Amino acid sequence: MTELRKNDHRLLQVLRAPVISEKATMVADKNEQVVFEIAADATKLEVKAAVELMFKVEVESVQVLNVKGKAKRFGRFNGKRRDVRKAYVSLKPGQEINFEAEAK
């Protein structure tokens with residue numbers, strides 16, 4: 001395995017999880033994009049470097065958005081779900097991330 005640089009440890013913490021939903025699947029098919037949940041303080045450049053490091057693909061662009069947590073009630077108590085930061089990663093033509101193969 002290649003030796004990790006000091007900066008690579010930060011990059012391994014940037015991506016939290018892939019987002020698996022109907023919308024994410026539709027976006028993946030239509031626009032060749034992959035959706036990830038990312039760290040709250042991650043930048044677009046860090047997300048690009050992390051995806052290229054972890055999945056060995058070439059990234060064309062990254063769009064980042066903040067999703068505010070919903071206000072919910074738990075019985076008589078008011079609560080709030082946590083805020084989430086997502087990244088829509090556009091891959092260069094011909095590139096693909098297969099999560100089923102990566103998990104094995």
Side-chain angles (χ1 to χ4, degrees):
M1 184 173 166
T2 62
E3 187 174 326
L4 292 176
R5 296 182 306 260
K6 187 175 185 179
N7 188 27
D8 291 345
H9 291 291
R10 164 68 180 155
L11 295 179
L12 293 176
Q13 296 172 351
V14 167
L15 299 179
R16 296 281 163 86
V19 176
I20 309 298
S21 64
E22 286 185 38
K23 182 178 179 182
T25 304
M26 183 184 67
V27 166
D29 292 340
K30 185 177 178 185
N31 301 335
E32 294 184 11
Q33 290 182 322
V34 184
V35 185
F36 291 100
E37 186 176 317
I38 60 173
D41 59 345
T43 64
K44 287 183 177 185
L45 293 176
E46 286 177 331
V47 171
K48 179 179 179 179
V51 171
E52 288 178 347
L53 174 71
M54 293 178 75
F55 298 105
K56 309 290 188 270
V57 294
E58 294 181 34
V59 174
E60 189 170 334
S61 66
V62 177
Q63 291 84 33
V64 175
L65 62 110
N66 295 314
V67 179
K68 300 291 184 193
K70 289 175 131 182
K72 302 294 273 185
R73 286 186 58 114
F74 302 100
R76 62 186 176 132
F77 302 105
N78 290 326
K80 182 178 169 291
R81 290 184 182 166
R82 65 185 178 89
D83 298 337
V84 177
R85 188 167 166 96
K86 292 182 184 179
Y88 284 77
V89 178
S90 297
L91 302 176
K92 290 193 176 174
Q95 301 287 315
E96 184 179 286
I97 296 177
N98 188 356
F99 291 112
E100 294 172 4
E102 297 289 334
K104 292 179 182 177

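Predicted model, so just to flag it, every value in this text is computed and none were measured.
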Nearest-0.5 Å distance, CG of residue D29 to CD of residue E32: 10.0 Å

Do V57 and V34 share a hydrophobic cluster, counting only Ile, Leu, Val, Met, Phe, Trp and Tyr and linking them when any side-chain heavy atoms are less than 4.5 Å apart? yes

Starting from V19, can I reach V89 by hopping between I/L/V/M/F/W/Y residues whose side chains sit under 4.5 Å apart? no

V14 vs T43 side-chain heavy atoms within contact, under 4.5 Å: no

So, do V51 and I97 sit near enough that their side-chain heavy atoms are less than 4.5 Å apart? yes

Do L11 and M54 belong to the same hydrophobic cluster, where Ile, Leu, Val, Met, Phe, Trp and Tyr are linked whenever their side-chain heavy atoms lie under 4.5 Å apart, directly or via other members? yes

Are side-chain heavy atoms of S61 and K44 found at a separation under 4.5 Å? no

Any donor and acceptor pair, going by atom type alone, linking the side chain of E52 with main-chain N or O of V59 inside 3.5 Å? yes

ILVMFWY cluster, V47 and L12 together (side-chain gap under 4.5 Å): yes

Closest approach of D41 and E46, non-hydrogen atoms and distance? O-OE1, 4.0 Å

Under a 4.5 Å cut-off applied to non-hydrogen side-chain atoms, are L91 and F55 in contact? no

Any donor and acceptor pair, going by atom type alone, linking the side chain of Q33 with main-chain N or O of Y88 inside 3.5 Å? no

What pairs of donor and acceptor atoms, side-chain ones from residues 65-77 against any protein atom, are under 3.5 angstrom apart with sequence neighbours left out?
from : atom 1 : to  : atom 2 : distance (Å)
N66  : OD1    : R85 : NH1    : 3.1
R73  : NH2    : G75 : O      : 3.2

Give the cluster check for V27 versus V62: same hydrophobic cluster or not, with ILVMFWY residues linked at side-chain heavy-atom distances below 4.5 Å. no

Nearest 0.5 Å, what's the NZ-CD distance between K48 and E60? 9.0 Å

Is it true that, when you exclude K80 itself, more than 12 heavy atoms of the residues, nucleotides or ligands shown sit nearer than 6.0 Å to its NZ? yes

